[in-house]
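Below is one structure, written out as structure tokens; the observations come after it.
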Amino acid sequence: MREFWIIFKQAFMTKAKTKSFVITTLLVIAGIFLLSNLPRILDSMDGIGGDEPTTLKVIDTSGKIDDPLAAVLQANESDIVVEPTEESEKELEKQVRSEDIDSFLTLSLDETNTIQAKYTTLSSIETSLPESLKNALQTVQAGIKADELSLSSDQVDSLFTQVNFEKNNISASAKSEDELNQARILVYVLMFVIYFAVILYSGMIATEVATEKSSRVMEILISSVSPVKHMFAKVLGIGTLGIVQILLYGIAGFIAFKTAASEATEGIGSFFNFADINPMTLVYAVVFFLLGYFLYATLAALLGSLVSRTEDVQQMIMPMTLMIVAAFILAASGLGNPELVYLKYASFFPFFTPLVMFLRVGMLDLPMWEPLLAIAIMIVTIFVLGWFGARVYRGGVLMYGPSRSLKDIKKAIQLGKE
């Protein structure tokens with residue numbers, strides 16, 4: 001075991017000391033603190049620029065809409081201030097083109113007393129202000145029609161009374177809407193963590209193996225350490241490094257959340273309120289993360305042993321990357337409806353299980369045998385892949401020259417028997 005721990009320590013420390021790893025970790029931590037204090041930064045910027053209301057010039061050809069519109073906007077506590085004007089549309093268009101004003105609104109009534117509104121601006125992406133005006137004008141329109149029909153305010157309110165619609169799900173796996181929304185957020189976040197961690201650290205293992213082969217260090221290592229020990233020491237070493245990095249991100253996020261302004265984190269705290277989440281969901285997140293990592297890391301070490309140049313690593317592990325992407329797409333497609341039939345079958349395919357089964361177990365109350373069966377299938381697959389990978393690894397690490405095809409697996413197995 002001494003040789004195993006030496007390679008484990010070498011794999012861990014070599015990557016941990018690289019500038020790219022240190023810089024990336026520091027940048028992500030800095031980004032976490034920046035995002036947690038973003039509301040405070042934006043507030044300070046608003047204070048510098050001034051929080052002035054938006055003045056909107058309005059041409060009202062009917063003379064009956066601008067005052068009610070201003071009243072509705074004021075009642076809605078909007079920062080839009082209506083400024084009636086006698087200027088023509090052409091004059092205001094010139095001001096918009098010269099950027100003297102941002103926009104203006106033209107209002108009129110047709111023969112049926114229906115409001116005709118035209119909002120003119122240079123911006124092609126502005127949506128909030130026009131949407132606020134549209135909603136306010138809809139309220140004004142309702143008032144105009146109520147006057148025509150001689151309806152009282154109570155009668156108008158009764159027209160817009162919401163129906164009392166209650167959803168009663170008697171399924172054994174049903175959850176409340178709040179529980180589903182909270183579970184959906186948690187599952188989505190953890191899916192991203194599993195997805196990126198598996199891609200990042202599995203690729204790191206393949207690159208590390210190819211780097212040692214390209215420097216001819218591998219010949220010395222294999223002569224003193226068995227290929228199986230070498231492969232799993234690499235997998236565990238870089239996997240431990242990945243767990244440490246994720247823990248650093250988690251600690252930084254917790255500290256940033258606690259030290260940020262209370263008003264900035266109040267909304268986030270209510271949004272990420274997981275008081276009703278089943279603790280087993282977090283347990284399954286850890287289990288599927290570890291199993292998914294070992295599954296893909298073992299495959300990555302196998303594929304990395306077939307190439308002699310780091311330039312060929314990405315091409316060789318492309319099929320593995322596509323499987324991870326396919327698993328993520330499948331899981332993401334089920335966020336809205338995790339009971340889809342194809343998700344049930346896909347969740348038992350070992351390369352899709354870490355993401356798809358975690359989605360299902362996080363959002364549905366599944367029978368215990370389903371996640372346990374999926375975990376058992378993954379464990380068996382990891383052992384089989386480890387056994388097969390060790391045979392390929394034993395010969396693959398001694399293969400030099402161009403090697404960019406999965407057909408070289410047979411050659412590696414034959415070489416490992418010699």
Side-chain angles (χ1 to χ4, degrees), residues 34-157 159-162 260-271:
L34 178 64
L35 288 174
S36 65
N37 289 279
L38 191 59
R40 180 188 296 175
I41 296 172
L42 293 177
D43 288 342
S44 64
M45 292 176 65
D46 289 341
I48 294 173
D51 190 14
E52 298 180 357
T54 302
T55 301
L56 179 70
K57 290 190 174 184
V58 177
I59 302 174
D60 182 10
T61 59
S62 68
K64 300 178 181 179
I65 309 174
D66 51 0
D67 288 339
L69 175 62
V72 170
L73 291 172
Q74 185 177 3
N76 293 339
E77 298 182 353
S78 173
D79 60 352
I80 304 172
V81 176
V82 174
E83 182 183 316
T85 180
E86 299 295 331
E87 297 176 271
S88 66
E89 280 193 60
K90 289 185 178 180
E91 291 174 339
L92 291 179
E93 283 183 5
K94 289 180 181 179
Q95 294 180 37
V96 171
R97 294 183 188 279
S98 61
E99 299 185 0
D100 293 330
I101 60 175
D102 294 327
S103 58
F104 69 91
L105 183 67
T106 306
L107 300 173
S108 62
L109 287 173
D110 62 11
E111 61 276 3
T112 63
N113 262 3
T114 301
I115 296 175
Q116 305 295 317
K118 183 170 69 173
Y119 179 78
T120 304
T121 181
L122 279 176
S123 175
S124 59
I125 60 173
E126 183 182 13
T127 57
S128 59
L129 194 149
E131 191 65 27
S132 298
L133 292 172
K134 181 180 177 181
N135 293 334
L137 287 170
Q138 192 65 49
T139 303
V140 175
Q141 179 70 70
I144 293 174
K145 292 299 182 183
D147 290 339
E148 281 186 7
L149 299 172
S150 300
L151 298 177
S152 66
S153 59
D154 292 337
Q155 290 173 321
V156 173
D157 292 338
L159 290 175
F160 297 99
T161 302
Q162 297 292 324
S262 59
E263 64 271 12
T265 57
E266 184 178 353
I268 300 176
S270 60
F271 189 68

If you define the side chain from C-beta out and look only at heavy atoms, does anything of Asp67 sit under 4.5 Å from Asp60?
no

How far does CG of Leu69 sit from CD1 of Ile65, to the nearest 0.5 angstrom?
8.5 Å

Nearest 0.5 Å, what's the CG-OG distance between Asn135 and Ser78?
10.5 Å

Mind checking whether Asp102 and Leu129 have side chains closer than 4.5 Å, heavy atoms only?
no

Do any N or O atoms from the side chain of Thr106 and from the backbone of Ile59 form a donor-acceptor pair under 3.5 angstrom?
no

Have Asp100 and Ser98 got a donor and an acceptor in their side chains that come within less than 3.5 Å?
yes

Does any part of the side chain of Leu73, heavy atoms only, come nearer than 4.5 Å to the side chain of Leu133, both counted from C-beta?
yes

Looking only at atom types and distance, does a side-chain atom of Gln141 sit under 3.5 Å from a main-chain N or O of Ile115, one as donor and one as acceptor?
yes

Measuring from Asp66:CG to Leu105:CG, what's the distance to the nearest 0.5 Å?
10.0 Å

side-chain contact (heavy atoms from CB on, under 4.5 Å) evaluation trace for Gln74 with Val81
CA-CA 8 Å; Gln74 185 177 3; Val81 176; over 6 Å; no

Does Lys64 have more than 12 heavy atoms from other residues, nucleotides or ligands lying within 6.0 Å of its NZ?
no

Between Ser132 and Ile80, which heavy-atom pair has the shortest distance, and what is it?
CB-CD1, 4.1 Å

Counting only heavy atoms from other residues, nucleotides and ligands, does the tally under 6.0 Å from CD of Gln116 exceed 12?
yes

Shortest non-hydrogen contact from Leu92 to Thr85?
CD1-CG2, 4.0 Å

Are the side chain of Thr61 and the backbone N or O of Leu107 linked by a donor-acceptor pair below 3.5 Å?
yes

On a heavy-atom basis, which atom in Leu56 and which in Phe104 lie closest, and how many Å separate them?
CD1-CA, 3.8 Å

Nearest heavy-atom neighbours spanning Ser103 and Val96
CA-CG2, 4.2 Å

Nearest 0.5 angstrom please: Glu87 CD to Ile101 CD1, how far?
7.5 Å

